[in-house]
Trainee: 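Before anything else, here's the structure in question.
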2 protein chains.
Amino acid sequence: MTEYPNKAQVLVAVDCIIFGFDENELKLLLIKRGFQPEQGKWSLMGGFLRKEENLNNAAERVLHQLTGLKEVYMEQLQVFGAIKRDPVERTVSVAYNALINIHNHDQELVNKFSAEWFPISKIPDLIFDHNQMVTAAINHLRHKVSHQPIGFELLPTKFTMPQLQRLYEAIYETSMDTRNFSKKLLSMGVLVKLQEKQKGFSRKGAFYYQFDQGKYQKSINNGLSFVIKP
Amino acid sequence: MTEYPNKAQVLVAVDCIIFGFDENELKLLLIKRGFQPEQGKWSLMGGFLRKEENLNNAAERVLHQLTGLKEVYMEQLQVFGAIKRDPVERTVSVAYNALINIHNHDQELVNKFSAEWFPISKIPDLIFDHNQMVTAAINHLRHKVSHQPIGFELLPTKFTMPQLQRLYEAIYETSMDTRNFSKKLLSMGVLVKLQEKQKGFSRKGAFYYQFDQGKYQKSINNGLSFVIKP
DNA sequence: GCAAAAGTGTTAGAACTACACCCATGC
DNA sequence: GCATGGGTGTAGTTCTAACACTTTTGC
């Protein structure tokens, strides 16, 4: 074991861009920073990498601290490494996208961090380069949902076709044709229709569906490509 | 200015996955490691992040050290942060994809680092997690060339239609129909046909084309999507 | 004149887009 | 019985995929 010469004295952090969907809008969970620097400003939830954990663990830990959730869909987005991005000390930060069901998180923890959900159209000024991270995160999500079945992570396991459509409309900031949308989704054969109907939202009630990972894998192996264009 | 408590003592490195195309095969430039640990083994070209440079600069510097090239198409790929990925010291490494014209690099520098081009089908065992990086890099490249006009970075400014097709075939490891390929490329209206023909390779000679960034931007603004499926 | 690569068109099927009305239910 | 959102079919158009022969030229 030799030590490397010219070590770079740089800190490594992770920041989580936490997405949720509340039946109509795509939202991000932001915290009001309780410590210096920039105390009291809005920020992404973040933390420093510890020696005994790998990067993904660090991101999961940070997400868990704020939401109480584990086993969440997370994905490394990008590293931000500009020299002065953090004024206190040279820090590179790895941004992670997290997709959660907006109704599942632990409200007490969220209160503890003075966190709030913001619609993506109304993101406030954030500290450091966090607005840049958010922009990258939204672009990445838009791109990714168009050809991977990850949108379902933002919905309850049981969801209706109109809910799913509104989700895609919110992500793409567009509107889609109901007939073409359901035709497309059903044609891919990755959804299971349940007998049960959603009650209380509309008079008629909409049938619930579930995403079926097994069916998806089979379809993929048969050459299907999952595509939902904006 | 306060200092953060519980700093993570972690080094930050960059590693470059350098792609080239030699008329038939997609290749990677690998170095024979001249220092400990793992001296004499094949490896990606890498280096540590310095305090006074941002991540992209570091990647450019590392690429320049090996190839003598500047202003090269580079793209951050992913961070690798497993605890024991580097046995000497805890290091997270940011992998960068670089696309270069295989005929342009500085041969002396390449010799100095005992570097060699390897076809992507014959990548040797590499140190640390570099094989993982290479796999991620190839997957990323395959995905990216299918909807962004970055393949041209691997070719000379003037290239023939058959060269371009062979490039895509090499990246996708597939074969394509000549007629459909040229029809598709020309229909997007982003290439300029030159009067000049390639000499010496085939009897007939093939016309040269150039990629036109301005035309591409215009087409994009008019709603074109650049797509070349495998 | 022949070998080797370049260049070019057509057709059938698949996927996409646009579009409007009836249905089920709670009040 | 009416207001609200849920659910469904068709036709025109565009895109894709499959397929083979002629052209040019150096030797």
Side-chain angles (χ1 to χ4, degrees), chain A residues 22-25 146-147 155-156 158-170 172 174-210 219-220 222-230, chain B residues 22-25 146-147 155-156 158-170 172 174-210 219-220 222-230:
Chain A
D22 80 343
E23 315 297 315
N24 250 321
E25 280 183 309
S146 75
H147 60 270
L155 295 173
K158 298 191 297 189
F159 52 85
T160 67
M161 198 58 81
Q163 278 181 315
L164 185 59
Q165 183 177 341
R166 278 191 284 275
L167 170 67
Y168 273 91
E169 290 177 335
Y172 292 146
T174 183
S175 68
M176 292 166 148
D177 181 274
T178 326
R179 285 163 291 192
N180 293 340
F181 184 83
S182 75
K183 222 183 306 170
K184 177 74 184 162
L185 265 288
L186 295 175
S187 78
M188 295 192 289
V190 300
L191 298 184
V192 179
K193 186 176 188 168
L194 306 181
Q195 292 307 311
E196 195 186 348
K197 273 186 165 185
Q198 184 189 43
K199 291 284 163 194
F201 178 67
S202 76
R203 302 275 156 86
K204 187 174 178 181
F207 281 104
Y208 280 118
Y209 289 84
Q210 277 185 317
S219 300
I220 288 298
N222 292 332
L224 171 97
S225 32
F226 181 96
V227 175
I228 303 179
K229 296 216 197 103
Chain B
D22 78 345
E23 314 298 314
N24 250 320
E25 281 183 308
S146 76
H147 59 270
L155 295 174
K158 298 191 296 188
F159 51 85
T160 67
M161 198 58 82
Q163 279 181 315
L164 186 57
Q165 184 177 340
R166 277 192 286 274
L167 170 66
Y168 273 92
E169 290 177 335
Y172 292 148
T174 183
S175 68
M176 293 166 146
D177 181 274
T178 326
R179 286 163 290 191
N180 293 341
F181 185 83
S182 75
K183 222 182 306 169
K184 178 73 185 165
L185 266 287
L186 295 174
S187 77
M188 294 192 291
V190 300
L191 298 184
V192 179
K193 187 176 187 170
L194 306 182
Q195 292 307 310
E196 195 186 349
K197 273 187 166 183
Q198 185 189 43
K199 289 285 163 196
F201 178 67
S202 74
R203 304 271 157 89
K204 186 173 178 179
F207 281 104
Y208 280 118
Y209 289 84
Q210 276 185 318
S219 299
I220 288 299
N222 292 332
L224 170 98
S225 30
F226 182 96
V227 175
I228 302 179
K229 295 216 198 106

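Since the structure is predicted, the reported quantities are computational estimates derived from the model, not experimental observations.
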Trainee: Could you give me the CA-CA distance, side-chain angles and deciding distance for A:Leu164 and A:Tyr209, then say whether side-chain contact (heavy atoms from CB on, under 4.5 Å) is met?
Mentor: CA-CA 9 Å; A:Leu164 185 59; A:Tyr209 289 84; over 6 Å; no
Trainee: Provide the closest heavy-atom pair for A:Met176 versus A:Tyr168 in the form atom of the first, atom of the second, distance.
Mentor: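 Nearest pair, atom of A:Met176 first, then A:Tyr168: SD-CB, 4.1 Å.
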Trainee: List the atom of A:Ser202, the atom of A:Ala206, and the distance in Å for their closest heavy-atom pair.
Mentor: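 Heavy atoms only, the tightest pair is OG-N, 4.5 Å.
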Trainee: Side-chain polar contacts of residues 189-201 of chain B - donor-acceptor pairs under 3.5 angstrom, sequence neighbours left out - could you list them?
Mentor:
| residue | atom | partner | partner atom | Å |
| --- | --- | --- | --- | --- |
| B:Glu196 | OE1 | B:Lys158 | NZ | 2.7 |
| B:Glu196 | OE2 | B:Lys158 | NZ | 3.3 |
| B:Lys197 | NZ | B:Lys204 | O | 3.4 |

Trainee: Within residues 195-210 of chain A, find the residues that approach DNA chain C with a heavy atom at under 4.0 Å, and present them sorted by residue number.
Mentor: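 Nucleic-acid contacts, sorted: A:Arg203, A:Lys204.
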Trainee: Pick one: which of B:Met161, B:Glu169, B:Gln163 meets side-chain contact (heavy atoms from CB on, under 4.5 Å) with B:Gln165?
Mentor: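 So, applying the side-chain contact (heavy atoms from CB on, under 4.5 Å) to B:Gln165 and each of B:Met161, B:Glu169, B:Gln163, only B:Glu169 qualifies.
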Trainee: I need the CG-P distance between B:Leu186 and C:dA6, as an integer number of Å.
Mentor: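 That distance rounds to 15 Å.
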Trainee: Whole Å only: how far is the CZ atom of B:Phe159 from the P atom of C:dA6?
Mentor: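 Rounded to the whole Å, the gap is 15 Å.
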Trainee: Kindly give the heavy-atom pair with the smallest separation between B:Ile228 and B:Met188, and that separation in Å.
Mentor: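 That closest heavy-atom pairing would be CG1-CE, 4.2 Å.
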Trainee: Could you pull out the closest heavy-atom pair between B:Arg179 and B:Asp177, with the gap in Å?
Mentor: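 Reported closest heavy-atom pair: N-OD1, 3.0 Å.
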Trainee: Run B:Ser146 and B:Tyr172 through side-chain contact (heavy atoms from CB on, under 4.5 Å) and show every step you take.
Mentor: CA-CA 9 Å; B:Ser146 76; B:Tyr172 292 148; 3.1 Å; yes
Trainee: Could you tell me how far apart B:Arg166 (CZ) and C:dA4 (C1') are, to the nearest whole angstrom?
Mentor: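 Computing the B:Arg166:CZ to C:dA4:C1' distance gives 12 Å.
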Trainee: What does the list of N/O pairs under 3.5 Å between the protein and nucleotides 9-17 of chain D look like, with a distance for each?
Mentor:
| residue | atom | partner | partner atom | Å |
| --- | --- | --- | --- | --- |
| D:dT10 | O4 | A:Lys183 | NZ | 2.9 |

Trainee: Let me know the distance between CG of B:Leu164 and P of C:dA5, rounded to the nearest Å.
Mentor: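 Distance check: B:Leu164 CG to C:dA5 P gives 19 Å.
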Trainee: Rounding to an integer number of Å, can you tell me how far B:Gln163 CD sits from C:dG7 C1'?
Mentor: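 Taking atom C1' of C:dG7 as the reference, CD of B:Gln163 is at 16 Å.
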